[in-house]
Student: 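For reference, the structure I am asking about is given below.
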Amino acid sequence: MIDFKNISKSYSGEYILKAVNCRINTGERIGVVGPNGAGKSTLFGMITGEVVPDSGEVVIPKESRLGIMRQHISGADLERSLLEFTADAIPELKSYCLELEDIEERMAVCEDDRELEIMLKRHGFLQSSIEHLGAYHLDVEAKQALTSLGFPVAKLSEKLSSFSGGWQMRAALARVLISRPDILLLDEPSNYLDIPAVEWLCRFLANFQGTLLLISHDRFLLRKLADITLEVNRGTVTRYAGNYDYYRREREQRRIALEAAKRNADHKKEQLERMIDRFRAKSTKAAAAKSAQKKLDRIEDVKLSETIDYHGVIKFPEPPACGAEAARFEHVSFGYEPDKLLFTDVDLDIASGEKLAIIGYNGMGKTTLLKLLAGVLKPVSGRVVPGHRIICGYQAQEFAELVNGELSVYDAVRAALPADAPTGNVANVAGTFGFSGDAMKKPCAVLSGGEKIRLQMARIFVNPPNLLILDEPTTHLDIAARELLQEALKNYTGTVAMVSHDIEFVRNVAEVVWEVSPAGVTKYFGNYDYYLEKSAALSGGNAPVTAAVSPLESDGAMTAKERRRARAQARNAIAGELNKAKKEVEKLEELMDEQSSRKAVLVAKLSSGEKVDFARLNTELAQLDKEIAETETRWEERAMELEALRQENDRINRENN
């Protein structure tokens, strides 16, 4: 277990954690929530030893292996290949392997029986430790994790430095996930992930057997993975015995109960104070006044829990009237290089009032579609046609980094107006998004992430749009702010097109989904859950470049005899390959078991203390280790092929259902 005993920590004289007592039991799955800057990452730093408390102590089980995703990668690691960096997930393995080689060399020439016995014991310990840590499977696990997080197989041998910072963080995440820690600490792991990768991460962590601590603003991960919730807020840490939904209900119930208790206590105090004031002047009532004072002194103040509600305001003005169609892509093709097109012949439309989410792996072109829609980019061929009287408001992904920190909030909003436009409405719009009075004078450099998003919204709505284009709007927002923005978008009567990696945000806002994949852009006439249900029907390699699936059409013309026949043929073709691969993997596993048994016999002979031919046995052991390595390599290759065949088989079965 992990014990925080009377922990306090302050920065610049202000307590971020004060007299915190909290216990995390072995095997628990903890979701850590709270506003930005409340001290969540400070808790993690105390567990890893990177943050020292001002007072109190943190007790962690001895020999516990910690797994934490580092935000910075060393220069030496950047020069390694992606696969090599990821597979090198367990630092002690390298030292174990080097020591094992050294012992085997010394054993081959050792003639002292006592010294040989000591080396044999150490040899056995190292062998079992290496096997326990899964050294022989790390390459396969690294490949599976990297490809599941969106890395193409062809790029696994490329240097880590050739990838962007976000993709490097994905590699760091894959590395820590396969490191077999006893305690896994994840701080906003979904920040660098797209929705398919978040879904995979959730499935992976669901099978994690150790203690999990997850800091996240992603409600999807918190609901799926945490069975305990820790709220960090205003210097305190409060434990709730349930997931995120339980925490929200329980917190509200506690608030209601505390408010009732405070009202009762305040009412009793008022009665006693009036009695004391009335009796104090009368000598005959002095004893009664003294008794009432004692009762008053015994009543403890009821302290209400600190609110975590978001105090900003996000309320969109009514959009200007427009036509029935917000925009239309007519045979649009685009690529940043002439010979490398991201997509071709996209032919889709966006209806006015539609709430559209664009989903797909990073690098597939989601942001590019938004920029084409906003007019920031021009198609290589085809055209994007805006609807009648459409006014576009575009929030770029990089806005928070581009805002001029020296400008005040008021000046930043005013700068979004055309040069000759009147400025009388600037203060009203800023106030609509939570900037009023002195808040309008704040320099942009000191704004929080959530405030910067609200500032961008104010800059957009100072010229009210009816087509709102949002690229990762939740990145800098905590949970309460995400929920506030979510409600504002649901109530907004204009058109919304957005890209977001927050599954719950997409699930609650989007009414239509565009999926961007290597096959092209596919439109689903339904929300995120409908997309999950129906996407399998068009996920194969033969999907059209641009297609559309609607609730009315998906079970009609698109499930004709030709499609059923094609599915049956695909199912029959893969069945034979699947059975063959299963048998080969089973045979290789039997061979590995047999080789492991032979190795155990040899090691037992070496450590028995009996007089044996050590040189011969060591030679046999070295040859057997080589055979085991070759068998495991073949098993890894066939196991990966089998997994790919199973996934394809599952896809076909889903289509048939």
Student: Please walk me through it: do Val506 and Val509 pass side chain to side chain contact (heavy atoms under 4.5 Å, CB included)?
Tutor: CA-CA 5 Å; Val506 170; Val509 175; over 6 Å; no
Student: Do side-chain atoms of Ser352 reach the backbone of Gly323 as a donor and acceptor pair under 3.5 angstrom?
Tutor: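 Confirmed, Ser352 side chain pairs with Gly323 backbone.
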Student: With rounding to the nearest 0.5 angstrom, report the CZ to CG distance, Phe208 to Leu186.
Tutor: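 Those atoms lie 8.5 Å apart.
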Student: In Å and rounded to the nearest 0.5 Å, what is the CD to CG distance from Glu354 to Asp349?
Tutor: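 CG of Asp349 is found 7.0 Å from CD of Glu354.
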Student: Less than 4.5 Å apart, side chain to side chain, heavy atoms only: is that true for Leu222 and Ile479?
Tutor: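 Side chain of Leu222 against side chain of Ile479, heavy atoms only: contact under 4.5 Å found.
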Student: If you draw a 6.0 Å radius around CG in Asp438, do more than 12 non-hydrogen atoms from other residues or ligands fall strictly inside?
Tutor: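 It does not: Asp438 CG has 12 such atoms or fewer within range.
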Student: Evaluate the side chain to side chain contact (heavy atoms under 4.5 Å, CB included) criterion for residues Trp200 and Leu193: first the C-alpha distance (whole Å), next the side-chain angles of each, then the deciding distance (0.1 Å), finally the verdict.
Tutor: CA-CA 10 Å; Trp200 174 84; Leu193 305 182; over 6 Å; no
Student: Which distance, rounded to the nearest 0.5 Å, do you find between the CG of Leu184 and the CD1 of Ile30?
Tutor: 12.5 Å
Student: Closer than 3.5 angstrom, by distance alone: can the side chain of Gln395 be matched with the main-chain N or O of Asp471 as a donor-acceptor pair?
Tutor: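 Looks like yes, one N/O pair under 3.5 Å.
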Student: Just wondering, do Asn191 and Met169 contact through their side chains at under 4.5 Å, heavy atoms?
Tutor: no
Student: Can you tell if the side chain of Val232 reaches within under 4.5 Å of the side chain of Ile215, non-hydrogen atoms only?
Tutor: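 Heavy-atom side-chain distance check fails, nothing below 4.5 Å.
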Student: Hey, are the side chains of Ile350 and Val512 touching, using non-hydrogen atoms and a 4.5 Å cut-off?
Tutor: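 Counting from C-beta outward, Ile350 and Val512 never come under 4.5 Å.
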Student: Using the side-chain hydrogen bond (donor to acceptor under 3.5 Å, both in side chains) criterion, which residues pair with Lys159? Sequence neighbours excluded.
Tutor: Glu79
Student: Decide side chain to side chain contact (heavy atoms under 4.5 Å, CB included) for Leu149 and Phe204; before the verdict, give the C-alpha distance in whole Å, the side-chain angles of both, and the deciding distance to 0.1 Å.
Tutor: CA-CA 11 Å; Leu149 289 173; Phe204 184 96; over 6 Å; no
Student: Can you list everything that forms a side-chain contact (heavy atoms from CB on, under 4.5 Å) with Leu78? Sequence neighbours excluded, please.
Tutor: Ile73, Leu160, Ser161, Gln168
Student: Under the 3.5 angstrom rule, does the side chain of Arg29 hit a backbone N or O of Leu205 as a donor-acceptor pair?
Tutor: yes
Student: Would you call Leu83 and Ser157 a side-chain contact if the rule is heavy atoms closer than 4.5 Å?
Tutor: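 No - every pair of side-chain heavy atoms lies 4.5 Å or more apart.
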Student: Mind listing the side-chain donor-acceptor pairs of residues 493-500 below 3.5 Å, one per line with the distance, residues two or more places apart or on another chain?
Tutor:
residue, atom, partner, partner atom, Å
Thr493, OG1, Glu318, OE1, 3.1
Thr495, OG1, Gly353, N, 2.8
Ser500, OG, Asp502, N, 3.1

Student: Got a sec, which residues hit ring pair (Phe, Tyr, Trp, His ring centres under 6.0 Å) with Phe220, two or more places apart in sequence or on another chain?
Tutor: none
Student: Please enumerate all residues that pass side-chain hydrogen bond (donor to acceptor under 3.5 Å, both in side chains) together with His388, with sequence neighbours excluded.
Tutor: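 With neighbours one apart ignored, the set is empty.
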Student: Applying ring-ring contact (aromatic ring centres under 6.0 Å, His included), which residue pairs with at least one partner in residues 152-172 are found, sequence neighbours left out?
Tutor: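 Matches after skipping sequence neighbours: Phe151-Phe163, Phe151-Trp167.
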Student: If you take all heavy atoms of Arg482 and Thr474, which pair is closest and at what distance?
Tutor: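 Scanning both residues, the minimum pair turns out to be NH2-O, 3.2 Å.
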Student: For the backbone of Gly242 and the side chain of Thr229, can you confirm whether one donor and one acceptor N or O come within less than 3.5 Å of each other?
Tutor: yes
Student: Heavy-atom count check: over 12 atoms from other residues, nucleotides or ligands less than 6.0 Å from Lys155 NZ?
Tutor: no
Student: At their closest point, which heavy atom of Phe433 faces which heavy atom of Ala458, and how far apart are they?
Tutor: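 Scanning both residues completely, I find the closest heavy atoms to be CD1-CA, 3.7 Å.
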Student: Without swapping roles, check the side chain of Ser408 against the backbone of Asp411 for a donor-acceptor pair under 3.5 Å.
Tutor: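 Checked: pair present.
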Student: Looking only at heavy atoms, which two atoms of Leu342 and Met364 are closest? And how far apart?
Tutor: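 Smallest interatomic distance, heavy atoms only, reads CD2-O, 3.9 Å.
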Student: Which label fits Phe329 and Trp514: parallel for a plane angle under 30°, tilted from 30 to 60°, or perpendicular past 60°?
Tutor: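 Correct class here is perpendicular.
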Student: I'd like to know if the side chain of His331 pairs up with that of Asp345 as donor and acceptor (distance under 3.5 Å, no hydrogens or angles considered).
Tutor: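 Note: His331 and Asp345 side chains meet the donor-acceptor criterion.
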Student: Name all residues meeting the side-chain hydrogen bond (donor to acceptor under 3.5 Å, both in side chains) criterion together with Asn508; count only those two or more places apart in sequence or in a different chain, and write none if there are none.
Tutor: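 side-chain hydrogen bond (donor to acceptor under 3.5 Å, both in side chains) list for Asn508, sorted by chain: empty.
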Student: Find out whether Leu532 and Arg507 are in side-chain contact, i.e. whether some heavy atom of one side chain is under 4.5 Å from a heavy atom of the other.
Tutor: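 Yes. Closest side-chain heavy atoms under 4.5 Å.
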Student: Would you compute the distance between atom CD of Gln456 and atom CG of Leu447 and round it to the nearest 0.5 angstrom?
Tutor: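 It comes to 12.5 Å.
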Student: For residues 355-363, run the donor-acceptor check on the side chains, cut-off 3.5 Å, and write out each pair with its distance to 0.1 Å, sequence neighbours left out.
Tutor:
residue, atom, partner, partner atom, Å
Lys355, NZ, Tyr492, O, 2.8
Asn362, OD1, Lys366, NZ, 3.3

Student: Taking only residues two or more places apart in sequence or in another chain, which ones pass side-chain contact (heavy atoms from CB on, under 4.5 Å) with Asn428?
Tutor: Asn425
Student: Hey, does the Lys NZ or Arg CZ of Arg175 hover above the aromatic six-ring of Phe85, less than 6.0 Å from the centre and inside 45° of the axis?
Tutor: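 Yes, Arg175 sits over the ring of Phe85.
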Student: Take Leu417 and Thr423 through the side chain to side chain contact (heavy atoms under 4.5 Å, CB included) test and state the conclusion after the steps.
Tutor: CA-CA 8 Å; Leu417 285 169; Thr423 60; 4.1 Å; yes
Student: Under the side-chain contact (heavy atoms from CB on, under 4.5 Å) rule, collect the residues that match up with Arg223, sequence neighbours excluded.
Tutor: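 Scan of Arg223 (side-chain contact (heavy atoms from CB on, under 4.5 Å), adjacent residues dropped) gives Arg219, Tyr244, Asp245, Glu504.
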Student: For the pair Arg170 and Asp194, find out whether any cationic side-chain nitrogen is under 4.0 Å from an anionic carboxylate oxygen.
Tutor: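 Yes, Arg170 and Asp194 are salt-bridged.
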Student: Are Val513 and Tyr530 close enough that some pair of their side-chain heavy atoms sits under 4.5 Å apart?
Tutor: no
Student: Compare every heavy atom of Ser216 with every heavy atom of Ser190, then report the nearest pair and how far apart it is.
Tutor: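 Reported closest heavy-atom pair: OG-OG, 4.4 Å.
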Student: By ring pair (Phe, Tyr, Trp, His ring centres under 6.0 Å), which residues pair with Tyr336, not counting sequence neighbours?
Tutor: Phe334
Student: Nearest 0.5 angstrom please: Lys371 NZ to Lys378 NZ, how far?
Tutor: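 It is 14.0 Å, given to the nearest 0.5 Å.
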Student: Which heavy atom of Val413 sits nearest a heavy atom of Leu455, and at what distance?
Tutor: CG2-CD1, 3.6 Å
Student: How close do Ala154 and Glu158 get, counting heavy atoms only, and between which atoms?
Tutor: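 Ala154 and Glu158 have their closest heavy atoms at O-OE2, 4.4 Å.
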Student: Tyr246: what forms a ring pair (Phe, Tyr, Trp, His ring centres under 6.0 Å) with it, not counting sequence neighbours?
Tutor: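 Ring pair (Phe, Tyr, Trp, His ring centres under 6.0 Å) list for Tyr246, sorted by chain: empty.
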Student: Atom NZ of Lys40 and atom CG of Leu214: how far apart are they, to the nearest 0.5 Å?
Tutor: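 Answer rounded to 0.5 Å: 11.5 Å.
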Student: Would you mind checking if Glu252 and Arg249 are paired as a salt bridge, meaning a charged N to carboxylate O distance below 4.0 Å?
Tutor: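 Not counted as a salt bridge, because no side-chain N and carboxylate O are separated by less than 4.0 Å.
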Student: Main chain of His501, side chain of Glu472: is a donor-acceptor contact present, judged purely on distance under 3.5 Å?
Tutor: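 Between the backbone of His501 and the side chain of Glu472 there is a qualifying donor-acceptor contact (under 3.5 Å).
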Student: Leu468 versus Leu489: any side-chain heavy-atom pair under 4.5 Å?
Tutor: yes
